[in-house]
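Here is the naming used below: chain letters follow the sequence lines, and residue numbers restart at 1 for every chain.
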Amino acid sequence: MPVKLYDTQTRAVKTLAQTSDRPLYFYCCGPTVYGPAHIGNFRTFLIQDLLVRVLKVAGYSVKHVRNITDVDDKTIRQSRAKKQNLQEFTNYWTNKFHNDCKILNLLTPSLEPRAVEHINEMIQLTQKLVEKKFAYQGSDGSVYFSVKSCKEYGKLNRIDQSELKTQNNNSAGSANLADEYGRESISDFALWKSRKEEDGENYWKSPWGEGRPGWHLECSSMIYKSFDGNTIDLHGGGIDLSFPHHENEIAQSESAYGKTLCNHWFHCAHLRVENKKMSKSFKNLYTLDELLDKGYSPTAIRYTLISSSYRQPLNFTFDGLRASQSALTKIERFAKALLNKLGKDTDNFNHDYVKADVIKNHGLLQDAWESLCNNLNTAACLGSIFGLIGSNPISKMDAEESENLLKSIGTILYALGINLFTETTKDSIIPNAILELAKARWDAKQNKDYAKADTLRNKLKSAGWEIKDSSADYEIHPID
RNA sequence: GGCGCGGUCGCCAAGUGGUAAGGCCGAGGACUGCAAAUCCCCUAUCGUCGGUUCGAUUCCGACCCGCGCCUCCA
């Protein structure tokens with residue numbers, strides 16, 4: 001099944017095609033490791049992960065490279081503030097990032113290059129640009145890319161160079177003080193930044209003196225190294241990176257190497273929180289830990305962040321999180337009913353069914369699967385799943401049909417990165433005293449001693465547990 | 001000012017040139033000793049005004065409103 005995806009550059013939905021028999025080359029701008037990633041960052045990483053998963057189920061092989069930005073203004077500033085050396089500091093936050101990724105069920109990329117390990121490549125790239133007269137050393141010692149030397153500059157974002165020259169007059173932001181740096185033109189950007197006092201020990205030797213790489217340069221170098229200088233098939237990141245970061249990557253790489261950097265650009269829209277832009281002053285910039293502390297499950301968080309169109313800004317709300325949790329419960333009930341039909345319990349569902357099987361026919365969920373292949377239309381996919389659930393098909397199905405449907409659901413859930421029945425901890429930590437009270441109440445109820453049953457139920461309630469009966473059994477749940 | 005994105009049921013949200021998926025919440029019903037859970041069931045003409053068309057929410061134009069980028073923010 002071909003996977004189609006919107007391309008920022010051509011502004012059209014295009015089919016992703018693997019070049020010859022090599023994997024699809026996919027590069028993502030990864031995190032800058034100077035603190036915990038927030039859920040907005042994770043939206044982008046989750047959408048990228050969703051794409052990789054969909055590609056796998058669709059039968060593509062993918063080389064997924066996601067970098068770690070571990071040397072830049074922020075990492076240097078923060079590490080010095082904490083009086084740690086840069087590596088010690090970024091290692092800590094890299095580990096934290098990996099841990100968060102694991103909790104959110106992100107697949108590990110094929111390769112995770114670190115910027116600080118590519119300084120030589122960055123110097124070589126800068127040298128090449130200087131030799132070819134695309135770059136120059138400014139009066140402050142830094143090396144800048146000359147935007148006017150690059151005729152195609154602006155092609156990703158359709159920006160006219162004449163606009164760039166006057167941007168500090170037209171820009172909504174504050175004036176961009178060109179003379180604070182040694183640039184010839186306001187739109188030129190730094191490839192190599194000369195050493196400054198505030199960089200501390202974080203500098204490297206180069207033909208232009210001691211200094212450190214510019215941010216844009218890092219990705220160009222890591223892409224070149226990771227994919228052996230080949231044009232890559234797909235490049236992703238948050239929409240804010242489209243300009244200037246990705247535009248600058250194109251300018252650097254294509255000017256230096258004379259070949260197209262990337263054929264397809266994949267950008268994820270931003271997250272808003274309670275309808276406000278995320279910011280520390282609004283106190284709405286949540287990290288994964290903060291949401292987990294509030295009692296939301298990782299699966300519900302993941303579901304919330306991937307269940308609407310990645311090209312639209314997502315308004316993240318706690319109502320939305322709760323809605324996701326309810327929706328997931330609905331899917332779990334359905335899967336459980338199917339499993340019951342086969343005489344199975346839920347314990348091994350994720351292991352036995354949630355897999356990246358490349359199957360031709362997704363049966364009753366073919367529509368759901370095709371929606372995912374169509375520009376990652378998760379909303380339509382989920383709509384199909386719930387449509388099926390609502391049609392109440394299980395009673396009419398035999399064992400083989402039930403088994404097939406479970407396989408189809410498992411495959412789609414793999415693509416979505418959703419595991420079911422993972423909230424087992426709640427049940428496993430019920431104290432024995434509570435278990436005994438609940439049993440006593442159930443027995444009283446069976447004996448039609450309702451007064452006693454209700455007394456015991458109230459007792460449980462005041463201890464923070466509620467009972468939910470079905471005809472043959474009961475469940476114990478903690479009260480939120 | 002430039003480049004973009006959007007305005008669909010209370011909230012979230014998909015979608016199509018032929019009269020609107022789905023989720024959450026809510027109403028009603030069944031079931032239940034009661035409750036919960038569960039099941040059933042109900043709720044929109046798609047920002048405004050024009051145009052094209054046999055027919056537009058879907059195409060075109062104008063307008064109103066919201067949002068993003070144009071500062072090393074995913």
When the ring planes of A:Phe26 and A:His64 are compared, do they come out parallel, tilted or perpendicular, using 30° and 60° as the limits?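 Parallel.
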Using purine N1 to pyrimidine N3 plus N6-O4 or O6-N4 for Watson-Crick, or N1-O2 and O6-N3 for G-U wobble, both under 3.5 Å, which nucleotide pairs with [N]?
N	answer
B:C11	B:G23
B:C5	B:G66
B:C34	none
B:U52	none

Under 3.5 Å donor-acceptor pair, A:Asp240 side-chain atoms to B:G68 base atoms: no
Within the structure shown, what part of the strands sits under 4.0 Å from [X] by heavy-atom distance: base, sugar-phosphate, or nothing?
X	result
A:Lys448	nothing
A:Ser309	sugar-phosphate
A:Ala379	base

Check this for me: does any side-chain nitrogen of one of A:Asp469 and A:Lys445 sit under 4.0 Å from a carboxylate oxygen of the other? yes
Would you please confirm or rule out a distance under 4.0 Å between OP1 or OP2 of [N] and any side-chain N or O of [X]?
X	N	value
A:Asn392	B:C39	no
A:Arg322	B:C25	no
A:Lys330	B:C24	yes
A:Lys74	B:C73	yes

Among B:G22, B:G33, B:A74, which is the nearest nucleotide to the side chain of A:Ala453? B:G33
